[in-house]
Amino acid sequence: MKYYILFGPPGAGKGTQATAMTEKYNLRHISTGELLRKEIAAGSELGKKAKSLIDAGSLVPDEIVEGMIESEFRTVRDVAGFLLDGFPRNTAQARDLDAILAKTGEEVTGVVSLMIPDETIKERIRHRATIEGREDDAREETINNRIVTYHDKTEPLIGYYKDSGKYNEIDGLGTIDEVRSKIFDLMDRF
Ligand code: AMP
């Protein structure tokens, strides 16, 4: 199995690009944010635990997202690989992912990082709020905390994956088509 990580700040376009990537490369898209929102909508215990943290723009505990990821890895079979979107979100999750994959002698195939500046993050999230109606896109305070959380907790992963030679950065500015074609060029080289 291939294991691709789609990396980038909130609003970088990961969800948008993931759809085209999963179709072209026969991958299963795993968005931990999307899985958590489904748990909240279903009113599950896990969803209840996650909601206040998501509403605050903070990360939910590692074991919650890692449990969801492992269960997808165990149950999904008919694909060439997985496209992880929004996971890992901190260094502990990245190490745990390596350990989970090592159990079956596997490893992360490559990281596709979509980069946009902080000013663009806010513009994109404000725009998305009008389309998707996500609660965590609606409050300025939540958006700001997600940006801070990204810089504090998630950005260090760039160094982590550079050290293993798996990090590849793409300029996330430009039209959806432009960014997609840059991503495909990169994926074809993996
Ligand atoms: P996203 O849809 O990826 O923007 O995620 C929305 C929210 O879900 C984040 O702000 C976090 O609160 C939570 N979340 C998603 N993925 C993770 C993760 N890997 N680790 C911890 N929290 C996460």
Side-chain angles (χ1 to χ4, degrees), residues 3-19 21-22 27-73 82-101 108 111-118 120-158 160-161 166 172 179 183:
Y3 296 88
Y4 299 102
I5 295 169
L6 188 52
F7 183 85
K14 300 190 292 293
T16 305
Q17 297 296 344
T19 311
M21 295 168 78
T22 48
L27 305 171
R28 166 74 163 220
H29 178 207
I30 309 181
S31 157
T32 40
E34 208 43 63
L35 292 173
L36 289 166
R37 283 188 287 281
K38 278 193 191 141
E39 294 286 341
I40 294 173
S44 71
E45 278 310 308
L46 195 157
K48 281 178 199 148
K49 261 193 225 160
K51 187 173 181 347
S52 57
L53 291 161
I54 293 177
D55 287 348
S58 305
L59 297 182
V60 307
D62 297 341
E63 56 274 18
I64 291 188
V65 283
E66 287 169 12
M68 297 192 311
I69 289 277
E70 275 206 87
S71 128
E72 294 277 318
F73 287 173
F82 295 90
L83 182 62
L84 305 179
D85 162 4
F87 179 91
R89 218 48 168 240
N90 59 32
T91 315
Q93 290 179 14
R95 291 211 181 92
D96 291 342
L97 173 62
D98 287 345
I100 290 167
L101 297 180
V108 169
V111 178
V112 178
S113 172
L114 296 183
M115 269 311 132
I116 57 168
D118 280 5
T120 314
I121 298 179
K122 289 198 179 186
E123 273 167 35
R124 294 251 183 112
I125 292 181
R126 277 196 208 102
H127 175 66
R128 186 170 68 188
T130 65
I131 300 169
E132 293 182 15
R134 272 174 58 172
E135 277 183 45
D136 62 344
D137 282 345
R139 270 188 301 273
E140 191 70 22
E141 211 185 312
T142 306
I143 297 172
N144 287 337
N145 195 31
R146 277 155 72 202
I147 295 174
V148 170
T149 304
Y150 169 76
H151 287 303
D152 283 359
K153 307 264 168 62
T154 310
E155 214 166 38
L157 289 181
I158 295 176
Y160 184 87
Y161 287 113
K166 292 183 173 157
V179 176
I183 293 175

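Heavy atoms only: backbone and side chains are in, while hydrogens, waters and symmetry mates are out. Just so you know, ligand 1 is whichever comes first in the structure, and atom 1 is the first atom listed for that ligand.
The distance between the ring centers of Y161 and F7 does not fall below 6.0 angstrom.
Nearest-residue assignment for atom 8 (O) of ligand 1 (options T32, N145, T154, L36; heavy-atom criterion): L36. Looking at E34, R89, R37, M68 and measuring to atom 2 (O) of ligand 1, the nearest heavy atom belongs to R37.
Contact annotation: R134 has at least one heavy atom less than 4.0 Å from an atom of ligand 1. Residue contact check for ligand 1: S58 places a non-hydrogen atom closer than 4.0 Å to it.
Heavy-atom contacts of D136 reach the following atoms of ligand 1: 6 (C) (cutoff under 4.0 Å). Below 4.0 Å from some heavy atom of Q93 lie the following atoms of ligand 1, by number and element: 18 (C), 19 (N), 20 (N), 21 (C).
Of the charged side-chain nitrogens involved, at least one lies within less than 4.0 Å of a carboxylate oxygen, so that E135 and K51 count as a salt-bridged pair. A salt bridge links R146 with D137: the distance from a Lys NZ or Arg NE/NH1/NH2 to an Asp or Glu carboxylate oxygen falls below 4.0 Å.
Here's the thing with L53: none of its N/O atoms is less than 3.5 angstrom from an N/O atom of ligand 1.
Between the side chain of T32 and the backbone N or O of G86, at least one donor-acceptor pair lies under 3.5 Å.
Nearest protein neighbour of atom 22 (N) of ligand 1, counting heavy atoms only, is V60 N, 3.1 Å.
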Open item on the list: As a quick check of understanding, evaluate side-chain hydrogen bond (donor to acceptor under 3.5 Å, both in side chains) for Y4 and D85, giving each step before the final call.
Closed with: CA-CA 9 Å; Y4 299 102; D85 162 4; over 6 Å; no
Open item on the list: Please evaluate residues R126 and E140 with respect to the criterion salt bridge (charged side-chain N to carboxylate O under 4.0 Å, His left out), reporting the C-alpha separation (whole Å), side-chain torsions for both, the decisive distance (0.1 Å), and the verdict.
Closed with: CA-CA 9 Å; R126 277 196 208 102; E140 191 70 22; 3.7 Å; yes
